[in-house]
Amino acid sequence: MTSWWILSRLVRVRLQFPVFDVTLIEAINNAAQKLSENGVSNARLDAELLLSHVLNKNRAWLITHIHDALEGKNLQFFEGAVDRRARREPLQYIIGKQEFWGLEFRVTPDVLIPRPETELIIESALAIARDRHGPLTIIDLCTGSGCIAVSLAKELPSAQIIATDTSEKALGVARTNARAQNVAERIRFFEGDLFEPLETLAVHGRVDIIVTNPPYIRAGDLNTLQAEVRDYEPETALIAGPDGTEVHRRIIGAAPHYLKPRGILIMEMGMGQSGALAAMIREQEQYGSFEVLKDLAGIERVLVARKR
């Protein structure tokens, strides 16, 4: 019996009875170790979420099928996704989605990944909306993925929302999210810098609420950011300028021209910026009262200013 014949028999047996390389639990453990070695926080959770994404199953399904085999293209896709995450590409860009305000949003490298602290803007706007009667007009500046505009449209069925962004690609993502949540008919998207694309609209002095999560990171701080943010999220949506408050200043100066009397401006801000923004508000005679709200971590996160 020749060695060639033995080898051919082994090949035929392997084709008839495939040898599985790893089980789901082994794949998760191996991925979690690799991610941890590359500085990824929550490495095991990310490994499970990546595998859930590849298999199009939820984590509960993984638990009940943890000893199933992972083979073929699914194994290749999973290993590729783990490699991307090990290079510190954000999990959300790999799986293409992020939850915000209980809704699922599509995200790509063209938009910032929605953060939980930004939900404070939604909470503030809804609290104000409860005290207003009739349909509301809301402007969302720097809309990005559209997470703020879409969430408000879901919560306020009578509101008409105008959203702007300088990136046409970001607006494409936002429009996709608006359609997915069935609110596209109540949000108008415009490409341009802050209020600039709205000059031809009859909205001066007619807006109830302006919301925005603008760029607020200082240019000199870019290299100090987490690798996932620094290397992958769009820099134009992160960096405001040397001081970090340049975009806020422009918004604070222009917003009163669009707000109704007693209209509200709601802005997210970076850590340590509340004092500078409060001073800007005080410089503008058009504003009356304002307050600074803290997020769940106790960080001053949102400024709410009322037009006189």
Who passes side chain to side chain donor-acceptor pair (under 3.5 Å) against [X], sequence neighbours left out?
{"X": "E155", "result": "W101"}
{"X": "N29", "result": "R44"}
{"X": "H257", "result": "none"}
{"X": "Q33", "result": "E37"}

Q. Can T224 and D221 be counted as having a side-chain donor-acceptor contact under 3.5 angstrom?
A. no
Q) Passes side-chain contact (heavy atoms from CB on, under 4.5 Å), V40 versus L91? Steps please. A) CA-CA 10 Å; V40 174; L91 173 73; over 6 Å; no
Q: Using the side-chain contact (heavy atoms from CB on, under 4.5 Å) rule, pick out the option among I161, V211, L141 that qualifies with I148.
A: V211
Just grab all the salt bridge (charged side-chain N to carboxylate O under 4.0 Å, His left out) pairs involving [range], residues at least two apart or on different chains.
{"range": "residues 271-288", "result": "R249-E283"}
{"range": "residues 190-207", "result": "D193-R250"}
{"range": "residues 168-189", "result": "E168-R175"}
{"range": "residues 223-243", "result": "R85-E228, R88-E228, R115-E233"}

Q: Kindly give the heavy-atom pair with the smallest separation between V247 and A240, and that separation in Å.
A: CG2-CB, 4.1 Å
Q. S274: what forms a side chain to side chain contact (heavy atoms under 4.5 Å, CB included) with it, not counting sequence neighbours?
A. M269, V292, E300
Q.
Going by the rule side chain to side chain contact (heavy atoms under 4.5 Å, CB included), which residues pair with R87 if we only count those two or more places apart in sequence or in a different chain?
A. D83, R84, Y232
Q. Taking it one step at a time, do V150 and F105 satisfy side-chain contact (heavy atoms from CB on, under 4.5 Å)?
A. CA-CA 9 Å; V150 170; F105 286 88; 3.7 Å; yes
**Q.** ring-ring contact (aromatic ring centres under 6.0 Å, His included) partners of F195, counting only residues at least two apart
**A.** Y258
Q: Kindly determine whether L201 and I162 satisfy side-chain contact (heavy atoms from CB on, under 4.5 Å), including the steps that lead there.
A: CA-CA 10 Å; L201 301 182; I162 301 167; 4.3 Å; yes
Considering only distance and modelled atom types, tabulate donor-acceptor pairs under 3.5 Å from the side chains of residues 261-268, sequence neighbours left out.
| from | atom 1 | to | atom 2 | distance (Å) |
| --- | --- | --- | --- | --- |
| E268 | OE1 | T118 | OG1 | 2.7 |
| E268 | OE2 | Y216 | OH | 3.1 |

